[in-house]
Each structure stands twice: as C-alpha cells, then as structure tokens.
Visitor: 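Got a structure here, written out as structure tokens. Questions coming.
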2 protein chains.
Amino acid sequence: MASLDRSLIAGLSVFEGVAAADLDRIVGQARSLRIAKDQPVFEQEQEAHSFFLLLDGHVRVVKSTPDGHEVTVRYISPGELMGIAHALGRTTYPANAIAAVDCVVLAWASHLWPTFAANFPSFSANTYKAVGSRLQDAHTRVIEMATEQVEQRVAHAMLKLVKQAGRKTEEGILIDFPISRQDIAEMTGTTLHTVSRLLSAWEDQGLVKSGRQRVTVVEPHRLLLIAEGRAEKS
Amino acid sequence: MASLDRSLIAGLSVFEGVAAADLDRIVGQARSLRIAKDQPVFEQEQEAHSFFLLLDGHVRVVKSTPDGHEVTVRYISPGELMGIAHALGRTTYPANAIAAVDCVVLAWASHLWPTFAANFPSFSANTYKAVGSRLQDAHTRVIEMATEQVEQRVAHAMLKLVKQAGRKTEEGILIDFPISRQDIAEMTGTTLHTVSRLLSAWEDQGLVKSGRQRVTVVEPHRLLLIAEGRAEKS
DNA sequence: TTGGCGATTTGCGCTGGCGCAAACTCATGA
DNA sequence: TCATGAGTTTGCGCCAGCGCAAATCGCCAA
C-alpha cells in the first residue's frame, strides 16, 4: 500500500474532511487489487465480503433478471465506492460489477464498516452522501424511462457517459472505455438495433462519431437538445 | 407526545435494537402532526427542515418533471421514515410527499440527524438499511421499466400495493386508500387509459374488482403469473 | 495475407400501447 | 332531487420501436 499515491487519494470526495491520520488508518486497512478487463469485481447474490474504492479504470454494474435480461445499473468512475452492501444493511451484492477496462481498486473487508462509521464520521457522511446521489440517479432513471422516448433516453445516457468518462480529443469528446451498442441498449432499456439506428442518424447529422465499441460526441449541445426533447426531428 | 403509544412505536423496525431510554430521547424530540388528505408533508426543492416518521395513513411520493409529467416514486406506509434528505447529504427534498388519506406523522428537525447518527447507532443503522431497500426498489423499478411490458408492470405495481397496504375483505384484498387509474399510471409509466383497459380485462377474468378510486385484488396468485410474464393471454 | 468471429448496419413487417375524443357513471353539494 | 364535475370506460387510428434476418465491416490471430 505504501506505494500508492496518498495525496491523490486524499483528494477524493469520499475523504473530504477526513484528517490525514484517520485517512492513513482507513487506507492502511485496505488491500489494493488489479482487476483485468471483463473480470468481475463482485457478483450478484454473492456474500458481500468486501467493499471497494475504484482508483483507476471503469466498472460496469449490471443486474440480471430471472428471465435472462441484463440491465446496466450504472458505470463507476475512479474515486467512487462500490459494493457497500454492508453499509446499507445487506449481506450480499445486489448486482454484478465487471471491469470495463483493466482496473485498480482498494478493497476493505466489509466487517470494518461499522468501526469506520463510528470512528470516522466524515467518511461515513461522505459515503451516505454518495448513496443519496445514487438514489437520486436511480429515481431520475425511473422518471426518464417512464416519460421519455428512446431517442431522448439514449441521448441522456450518452451525455451522462460524457460527463463521467469523457476525454477530449481533436474530434470531440470520446467516451474513454470500450462500449458497444448492446451496452448502451442495456443502459436505456432498448435494443442494440435501435441504438445503432440512432447513432447512425446522429452521425449523419454530425452530432457524434462512432465505431466499433467507441463513441465520440462531437456536439454535446445539440445532443442535449435532443435529450431535453426540444429538437425538431429531421 | 406523552399521549402517543410508546409501546407501539417501540415495535417499529426503525427502532429495532434501540434501548428504551434512547427511544425516549429520540421520540421526545419529535413533534407529532396531523396532515389532512391531499395536503403535502413536504415539497420538492423545498428546504429540508424536518424528517418524518409516518405513524398512520399513507403518503404518496411524487416527482414532477420540468415538462409537466408526474411520476409516483413510491407509497409510504405506517412505520416508514420519509424526508431524510439530510441523512443523505442533501439540503432540499427531492420530491413531493402528499397525504393519500388523513395522516399522523412524527417530525424531527433535520439538524438533529447528526446527533442521532452519532449517539444511536442502531437507529442510524436501521435508517440506512431502509435506504438500502429503497435503492434496491428503485433499481428494481428501473429493471421493470426496461424489460417488462405495461401489463406486467401494472400487475407488479398492484401486488406491491397489496403487500404494503392490503386489507382483507370478504371480496379479496382491498388496497386501503383511494387510488385512481391516473395514480396507477403514474406508478407504471403508462396512461390512465391503458390502466383502465387492463383493470377492465382483469375484472372480466375475475382477477380483481375495481371501482372509483378503489381496487380489490381477488386472485393475487393469478396476478402474479401475469406479473412474471407467465400467463397465456386470453 | 487470410480466415473467422464478434460487432454493427440495415431492411421489413408487425403490434403494443399512446393520443384523441366522446360517452358514461357516480358522489357530492346546492 | 338535480346539477355538476371528477373519475372512468371505450372506440379508433396511428406510429415508435421491436423482432427477425441477412448482409457487411473490422479486428485479431494464425
């Protein structure tokens, strides 16, 4: 652990307001892991032995339904916690978490949580604040699914990805991990066919550039118009 | 407050594992309120000055979208907390909470939360456990919206209502508060027309009995078959 | 360089469920 | 008792988007 960059970790929002000495005590009890692309960080229904902080990479969180459908719940970016089932009174993970690229994570044993919560109130408060955001996000998703058409939902999804994993290139803002049409479909509750058609149409209009497992947003502003439902359809 | 039935309150799951003396200290700082039918308990975007425990009645939590749509996030039953924005690091309420019938609630000032969290770890843990369930529920909703057809979603919604607010009658299980077709539509992301058609069809098949703002489920088991997508359509 | 496979594109037909509109039915208050 | 209006039912037409299938593209490995 000594090899990790403490100052970088200290800047993460989960550790905001945590004293340096406390930070050391927290991080000191973690082990660091590498997860190869497409390997699971944790799996649905499994005993929640650990919780994690993503340091590098991107992780896709997917829920499988009994009837074989897969729905992507969210993508996790560096600095975010995941697998905090124990902090929410659950003993198993509610979903699969799969590395979208090679990742580096910190892992703590779940049984440490009560101690952390009691001894490091800032850390605990920050964690629950993140939970609040996720609950918010989930409700937003429900509302989008309930009130928006597919095109708007896909546009919203792309903008969300741009915001949390966008990397500037000379062509536009690239989503910085491999993402297929199927993945986007699973985020928005549609089919890869429809997503493909939409991306093709957007590409014709110069809104995006896309290729195999790769999407670059050229004109975020116009995409936002579509997302908000205020765009005249061609 | 002295007039409220402490032993009844003590049995609520939020207070599980809380010592009697602590319970008194918690409840002693609440004030009890009556909310008339159709009146708000709290409102979206408003400063989250208080959090609440529903003692009697039913509360509908609704989010309004900028474009005028309304989506019902969930119904709250007696014994549940609501408006706990502060515990999740937010300063405003994320939705409107409206009394579906005359209600009785306990209200605490939001600024008490950090103290409660620090001094009554069981209470805090129970609260976050409830938050965990809600996050779970929200994700389930997303998955339902993404993978199921309207008929299944409405069936699921009815079963959820039966579970949390069902009252046995000689005809079947009655949903114990006034609920309109429009309300059900807002829970499931469809229109009141479609809900009306579904309920009529179900009534023809003897699955439910329904009337003005009133639904009774006669055969929960067959409804479950529809919800699970394993029912031959007539 | 050549296969082979996974990802993507595209055409076509069909249908679930929405939008609109009109009729109907109660419950409530005057 | 009757008028009123909210809640509900129902008919009809339409279209967004799904399901299926086939063709194409591009990356990687041999």
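The figures here come from the full heavy-atom set of this structure, side chains too, leaving out hydrogens, waters and symmetry mates. Chain identifiers are assigned alphabetically (A, B, ...) following the order of the sequence lines, protein sequences preceding nucleic acid strands; residue numbering begins at 1 within each chain.
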Visitor: Without decimals, in angstroms, what is the distance between B:Ile184 CD1 and D:dT8 C1'?
Guide: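 Distance, rounded to whole Å: 12 Å.
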
Visitor: Hey, does B:Glu47 have a side-chain heavy atom less than 4.5 Å from the side chain of B:Phe42?
Guide: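 No, too far: nothing below the 4.5 Å cut-off.
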
Visitor: Report, as yes or no, whether the 6.0 Å neighbourhood of atom NZ on A:Lys209 holds more than 12 heavy atoms from other residues, nucleotides or ligands.
Guide: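 For A:Lys209, atom NZ is not crowded (no more than 12 foreign heavy atoms under 6.0 Å).
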
Visitor: Return the nearest nucleotide to the side chain of A:Arg197; candidates are D:dC18, D:dC12, D:dG17.
Guide: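 Minimum distance to the A:Arg197 side chain belongs to D:dC18.
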
Visitor: D:dT8, C:dT8, D:dC20: which one has an atom nearest the side-chain heavy atoms of A:Leu192?
Guide: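 Given the options D:dT8, C:dT8, D:dC20, the side chain of A:Leu192 is closest to C:dT8.
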
Visitor: Of all the nucleotides listed (C:dC18, D:dG17, D:dG7), which has the minimum atom distance to the side chain of A:Thr194?
Guide: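 Output: D:dG17.
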
Visitor: Report the distance from atom CG of B:Asp183 to atom P of D:dA6, rounded to the nearest whole Å.
Guide: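 These atoms are roughly 15 Å apart.
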
Visitor: Is any NZ, NE, NH1 or NH2 atom of the basic residue among B:Arg74 and B:Glu80 found under 4.0 Å from an Asp or Glu carboxylate oxygen of the other?
Guide: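 Counted as a salt bridge, because a side-chain N and a carboxylate O are separated by less than 4.0 Å.
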
Visitor: Considering only D:dT8, D:dG19, C:dC20, which nucleotide approaches the side chain of A:Thr191 most closely?
Guide: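 Nearest listed nucleotide: D:dG19.
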
Visitor: Within the 3.5 Å criterion, strictly below it, is a donor on B:Asp137 or B:Thr140 matched to an acceptor on the partner's side chain?
Guide: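 Short answer, no.
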
Visitor: Starting from C1' on D:dG17, measure out to CD on A:Gln149 and report it in whole angstrom.
Guide: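 Those two atoms, CD and C1', are 10 Å apart.
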
Visitor: Specify the separation, in whole Å, of atom CD of B:Gln182 and atom P of D:dT8.
Guide: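 After rounding, the reported distance stands at 9 Å.
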
Visitor: Take the protein atom NZ of A:Lys209 and the nucleotide atom C1' of C:dT8, then report the distance between them rounded to whole Å.
Guide: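 It is 17 Å, rounded to the nearest whole Å.
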
Visitor: Got a donor-acceptor pair under 3.5 Å from the side chain of A:His193 to the base of C:dT10?
Guide: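 Checked by distance alone, the answer is yes.
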
Visitor: Hey, does the side chain of A:Ser180 come within less than 4.0 Å of C:dA7's phosphate (OP1/OP2), counting only N and O?
Guide: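 So the side chain of A:Ser180 is outside the cut-off, no N or O lying under 4.0 Å from OP1 or OP2 of C:dA7.
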
Visitor: In whole Å, I'd like the distance from the CH2 atom of B:Trp202 to the C1' atom of D:dT8.
Guide: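 In whole Å, D:dT8 C1' lies 16 Å from B:Trp202 CH2.
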
Visitor: Mind calculating the distance between CD (B:Glu151) and P (C:dG17) to the nearest angstrom?
Guide: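 Checked: the CD to P distance equals 8 Å.
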
Visitor: C:dT9, OP1 or OP2 - any side-chain N/O from A:Ser196 closer than 4.0 Å?
Guide: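 A:Ser196 to C:dT9 OP1/OP2: side-chain N or O found under 4.0 Å.
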
Visitor: Start at the 5' end of DNA chain D and walk down; is the nucleotide closest to A:Glu148 or to B:Ser210 reached first?
Guide: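 Residue closer to the 5' terminus by nearest nucleotide: B:Ser210.
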
Visitor: Does the D:dG7 base have a donor-acceptor partner in the side chain of B:Arg214 within less than 3.5 Å?
Guide: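 Between D:dG7 and B:Arg214, which were checked side chain against base, a qualifying N/O pair under 3.5 Å is absent.
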
Visitor: Any donor-acceptor pair under 3.5 Å between the side chain of A:Arg212 and the base of C:dG6?
Guide: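 It does, because a donor-acceptor pair links the side chain of A:Arg212 to the base of C:dG6 below 3.5 Å.
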
Visitor: Please report the distance, rounded to the nearest Å, between CZ in B:Arg181 and P in C:dC24.
Guide: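 It works out to 19 Å between those atoms.
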
Visitor: If you measure only the distance, is there a donor-acceptor pair under 3.5 Å linking the side chains of A:Gln164 and A:Ser77?
Guide: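 Side-chain D/A pair, A:Gln164 to A:Ser77: present.
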
